[in-house]
Amino acid sequence: MTPERRTALEEALLPPLVALAVALVAGDLLILTYGEAPGAVWRLMLEGTWGNAYGIGQVLYKATALAFTGLAVALTLRVGLFNIGAEGQLAAGGFAAGLVGLALPAGTPMLLAVALCVAGAAVAGGITGAVPGVLRAKFGAHEVIVTIMMNFIVLAVLNYIVSAHLHVPETLHTPSINAGAVPRLADSIAAFHGSAANWTVLIAGATIGAVAWFLFRTRAGFEWRAVGLQPGAAEYGGVQVGRVWRNAMILSGAIAGIGGVNFVLGYKGYYEDGFAGGAGFLGIAVALVGRNHPLGVAIAALFFATLSQGGLAINAMVPKQMVEVLQGIVILAVAASVPEVRALVRAAAGKRRAAEAS
Amino acid sequence: MTLLLFLSQAIRIAVPYLFAAGGGVLAERAGIVSLSLEGYMLGGAFGAAIGAHVTGSAWAGLAAGVACGALLGSLHALCTIRFRADQIVTGVAINLFVVGITRFFLQLAFDSSSNSPRVAGFGGEGAGAWALAANPLVWLGILTMPVLGVVIYRTTFGLRARAVGEHPAAAESLGIRVSAVRYAAVIGSGALASLGGVYLTLDQHQFTDSMTAGRGFIALAAVIFGRWDPKRAGIACLLFAAAETLQIQLQGAQLIPSQFVAMIPYVLTIVAVAGVVGRSTPPAALGRAAD
């Protein structure tokens, strides 16, 4: 391993480990305030998630949506932007997937129907991401502000459409789709019976691979990363920074949008108001803990999915809201330790270099 | 009479916005991004419920709520100033954290996943103008922006906060302790914004889960739409509250779907930052850690 690679690896891996330690201590304290034994609660959490096929299925199901939103946020951070709008993009994508599934005739071949629904989700998410992207590229409007505001606007529009025009009476969801349902894992692997895990997880895996290939193996990906590191230098090198920003926001929105397929096509078979339920915001946590690397995002998505499923597993002993507290603490700890760790690691590397030189 | 009813309802809605937007202006003028207004408000609302429940006094509720807000502000300040954490991420994390911790302690303290028991409040009963006028928090809310305007433009602290928010290095070279000013602004911001939540709890006589319901983000929209200026941000709060009041009063008429009225603050804010009518420009060093 080259010294540069070692430094980069330490910089990437240490903050999540620090955060894990902080979260364990904070979790212990919360468990103790509730008068339970920490060891027993943590064991219950592990058993309820990775201890049986149903738990694993639920973790995979939750990780699927988080992988998409985490990837969406990580992609924009790679070009130096911050997409806080994954929540709205996810909802828009899910809604479009549901609409396409409703519009298709029953009996459309499954692969074709799924492909069309996924395309619909990507387009809807992409359009939602395009608004902040274009406003940033053309007018310099700060994308953080625009994406926050877009979340509320998109959710309000969807709420209006569903509640005023498209809902099944007495509910806040649309009628069931005619085509495009993604089969559950349980259909082929009986052990997963009852869990919501479905083959959207494969689309998530493929998207992670595709983004990694794009970022690290293509010329455009190299330009995007250059813009993220030094927009001025990239511009001087002939990269059209504004265009990269716009395209990155569109692609990010499209990826978040495809995440909606997991719930709409893979689980319920219809769009339901409010289904995103914070998965878009958790995407920020996933990108941060995953250090903006596609592989890291996959691991972080599994981690946060384990936490959220684990909350349900321990609910009999400690309120499941404990995991929401821990999610917040993990994010704070990673964010707070990144600059500190960077300084320490670089100082240590400098010392090693000096020792070798002498 | 209708006008009085309209005004009192609009003020009732505007008060939490005014407190939270005031907190937002204070922190952001000192260069620290305030995405955590929602969390401060929710923390303040919960603290008020605990304080008022334990002591039976609305004033103790107020004190406990503000203490919670100041504590959350300190957490934000510690992460972003001492540890130089990303300010946007920190704000998002604090919001998540507060939702979780209030739910956890709601369960622990009141054995409920939805609401606290009935607690004391200020002023008279009902929604009339008199009940409103008897509530000291309403007057405090109305005074927030004028007072903040004086603090920011007419005091030494305000001058320092603005200098730190525009050019921390230059401020430092003049002997201003950048970190100290930012700590004060962010902790003050948490305390001020939490009053918005305190008001909600004492007005509704109970805490309910996630009761701030995005009001912190409307306040943030008011800060940006008001171009980080107390007076303009205050007017933005009143404007947003008036639109909401109009929507509530016209609910029977069904002229415009309520969702579209609810969208007004967000659309206006996007228009403002895109610079279509008078660009809204943030303080120059907003979001950057001082070296």
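Within every chain, numbering begins at 1; the chains are lettered A, B, ... in the order of the sequence lines, protein sequences first and strands thereafter.
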Non-hydrogen atoms of chain A under 4.5 Å away: do they reach the side chain of [X], the backbone, both or neither?
X	answer
B:V267	both
B:T90	both
B:V99	both
B:A262	neither
B:L75	side chain

Of all heavy-atom pairs linking B:Q259 and A:S163, the shortest is NE2-OG, 3.4 Å
Any side-chain heavy atom of A:N151 sitting closer than 4.5 Å to one from B:Y266? no
Original post:
Is the closest side-chain heavy-atom distance between B:L96 and A:I331 below 4.5 Å?
Top reply: yes
[X] versus chain B, the contacting section by heavy-atom distance below 4.5 Å:
X	result
A:I284	side chain
A:S337	neither
A:V131	neither
A:V146	both
A:I153	both
A:L326	neither
A:F82	side chain

Go through A:I148 and B:L35 one step at a time and tell me if the side chain to side chain contact (heavy atoms under 4.5 Å, CB included) criterion holds.
-> CA-CA 10 Å; A:I148 290 174; B:L35 295 192; 3.5 Å; yes
Rounded to the nearest 0.5 angstrom, the CG-CG distance for A:L30 and B:L108 is 9.5 Å
In this structure, CZ of B:F105 is separated from OG1 of A:T33 (nearest 0.5 Å) by 5.0 Å
Per-residue tally against chain A (heavy atom, under 4.5 Å) across B:V89, B:L106, B:V98, B:T102 peaks at B:V89
Comparing A:G35, A:P132, A:A156, A:A333 against chain B, the one with the most heavy-atom pairs below 4.5 Å turns out to be A:A156
### Task
Under the side chain to side chain contact (heavy atoms under 4.5 Å, CB included) rule, what do A:Y34 and B:Q107 come out as? Steps first, then yes or no, please.
CA-CA 10 Å; A:Y34 222 76; B:Q107 195 83 45; 3.6 Å; yes
